[in-house]
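A short write-up of the structure that comes next.
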Amino acid sequence: MPKKAAAPGPAPTNEVGNLIRKQREAMQMTVAHLASRVGVSRNTITNYEAGKTEPNASDLVRLSGALGCAINDLLHGGSASIPPRFAFRAHAPLRKDPEITVAARKYLRAYDEIEEITNSRLHGKLRTFDGDGNGPLTDREIESAADMLRQTSGIHDTGPENIVSVLEGLGVRTLFFEHDGKGLEGLSTIQGEMILVMLRDRKRVIERTIFSAAHELGHLVLHPHLFTNNEQDEEVDTKRYEDEANKFAGNFLVPSDELVRIWKEERLNRLSLFNALILLKRVFHVSFHCLYHRVTELKLHARIDGAIFINQIKQQLGITGPARMDDLEPDPLNPEVLYRTTRFSRLVRSAFLQELIGISKVAEMFQVPVDRAQEITSDWLRPKHELVELGDL
Amino acid sequence: MSWWNSAIYDTCSLITLDKLLQDRRSLSRYFPKQVLALEVSLSADQMYLATAERMRDHVEICPPPPLTELADLLSSSGLPKSLSDVDKLVFATAVHSELAVVTGDIRLAKAVRKRGLDVGNMALILQDLVRSKKLESSLVEKLLQGLADRKDYLLGIPNPTWNDLKDYTFPDRRSSTSG
């Protein structure tokens, strides 16, 4: 059996309890949420926080995992990390889902650590829109902000399929995450100097991923105060902010001058709206619906009643009966064309190959079990290849 | 008694041990009936459920140090950020209970050795079993290849042989041969 060393003194029960409460409140998590994530009763958490009982070290690891912080944050209050602020492209109930906020917080920590370990901080600061931040933004202001950023972003060269590289070039750390539930496409978060956009790793209709990335960029550029104001303000204007971010995304991905030029040069007004949008999609590589909004915003085509438009799409696609939005994307982009390599995954891989980190750290950073990290890292040590017979060359 | 019989195993080593025992049940005679490990190593965050279920009977849960000592150990040891939180807890437990450590992590191994405790990895255990003539080198080569086939590159190379293991050292330097 392990030999026990003499206990060095009384445990800092109250301090640890206070830090647990502080971290829980920072994550806007209820006692019930935390208890359920850790797998203990609500009383257990309440007793920890009140200093009545002390968690053991294993409990502390589970608590830190459930709160998305490091063990040290629960042991040494002084080094506790600043809680992140979020903006979500998600249905309202998902905005307070601790699963998502905790995963985002862990990624923020992991990204910060991997940059420190590899000594490669992301340079470049995102230029935010210099508005007064009080009232709604005009269409002109949003278009101007999108145009300005588009010119410096390199999206024209990389194409929207490499939207991750576009965001990273603008100083926005980006990564993909798995999410099985509906209603969450992406989120943006800020913690200190760190800006992170997380995009749902879609297996189909990647047009929505591209749009989500541009939408989150819109929040970061147009609504920096969203990440600093108190929550009440956010609740009041959620729809306005979402509309503005959508408008920004549309302008960023489909600039007005280019759209108008192509519409006129190729005389797309002679085609049905459906076919005109299909042709535009080949140019801009964005969703059919994004193009519809842009074409009607610019008054290149009259707006159609939503239900009628959906019916027209269904008719063209030969769909009868109910359909999900994902089924209503004509001529979808091949999911393979979306560049899924992120700077984060490259840095983790590079650190592993340089033996700066081991498999268990890879697991912690990717938020996967160590067995899974073993599989991932073995692929790094032996990259896939295709054997081509000499005769085929 | 071999050093690894009274050691605490990190998650990575438990996973490798599980694979080895699946490949050759009789290897269990060279390990204690139950190896020491942290409870958290068997959690879903750390290990596939199936692995944890198989390993539960082979593991004796080792109590981590009290919080005050944990806080002192973590703040005074200068452990790098490159170490995972669970590995930091393995370190603190090993130091607190004066245990040897079986780990797949070089940084953890070096930190433990600095404290004067025995440390090694699963590869060194296999090497030791061959040197003490408990296992044939050909069998160990098969075991290594079996691990590699299951994406467990114990020596850090995809096609390990006995020659690679023979010259292998840990944690100071790795075998320079390539597969």
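Letters go in sequence order (proteins before strands), and every chain restarts at 1. As the structure is a prediction and not an experimental result, all values here were calculated from the model.
Taking the charged nitrogens against the carboxylate oxygens, B/Asp172 and B/Arg113 do have a contact shorter than 4.0 Å, which makes a salt bridge. Taking 4.0 Å as the cut-off between side-chain N and carboxylate O, A/Glu49 and A/Arg24 count as a salt-bridged pair. Here B/Glu136 does not pair with B/Lys142 in a salt bridge; the nearest charged N to carboxylate O distance is not below 4.0 Å. A salt bridge does not link A/Glu178 with A/Arg200: every distance from a Lys NZ or Arg NE/NH1/NH2 to an Asp or Glu carboxylate oxygen is 4.0 Å or more. Classification of B/Arg150 and A/Glu375 as a salt-bridged pair fails, no side-chain N sitting under 4.0 Å from a carboxylate O.
The backbone N or O of B/Trp162 sits less than 3.5 Å from a side-chain atom of B/Glu141, completing a donor-acceptor pair.
Here the straight-line distance linking atom NZ of B/Lys81 with atom CZ of B/Arg107 works out to 15.5 Å at 0.5 Å rounding. Taking CG from B/Leu124 and CH2 from B/Trp3, the interatomic distance works out to 6.0 Å, rounded to the nearest 0.5 Å.
Residue A/Val370 touches chain B through both its backbone and its side chain, counting heavy-atom pairs closer than 4.5 Å. Only the side chain of A/Leu60 comes within contact range of chain B, with heavy atoms under 4.5 Å apart. The contact between B/Leu83 and chain A is made entirely by backbone atoms, counting heavy-atom distances below 4.5 Å. Using a 4.5 Å cut-off between heavy atoms, A/Glu116 touches chain B through its side chain atoms alone. Looking at B/Leu38, neither its backbone nor its side chain comes within 4.5 Å of chain A, counting heavy atoms on both sides. Both the backbone and the side chain of B/Asp85 come within contact range of chain A, each with at least one heavy atom under 4.5 Å from a heavy atom of that chain. Looking at A/Val362, neither its backbone nor its side chain comes within 4.5 Å of chain B, counting heavy atoms on both sides. For a residue to count as touching a neighbouring chain, one of its non-hydrogen atoms must lie under 4.5 Å from one of that chain's; by this rule B/Ala44 touches chain A with the backbone only. Looking at A/Leu356, only its backbone comes within 4.5 Å of chain B, counting heavy atoms on both sides. Contacts between A/Asp59 and chain B at a heavy-atom distance below 4.5 Å are absent for every atom of the residue.
Comparing B/Asp45, B/Thr11, B/Leu108 by heavy-atom pairs within less than 4.5 Å of chain A, the highest count is held by B/Asp45. Of the listed residues (A/Ile376, A/Ile357, A/Asp371), the one with the most heavy-atom contacts under 4.5 Å to chain B is A/Asp371. Ranking A/Gly358, A/Ser360, A/Ser58 against chain B, the residue ahead of the rest is A/Ser360, based on heavy-atom pairs under 4.5 Å.
By the 30° and 60° cut-offs, the orientation of the rings of B/Tyr168 relative to B/Phe170 is parallel.
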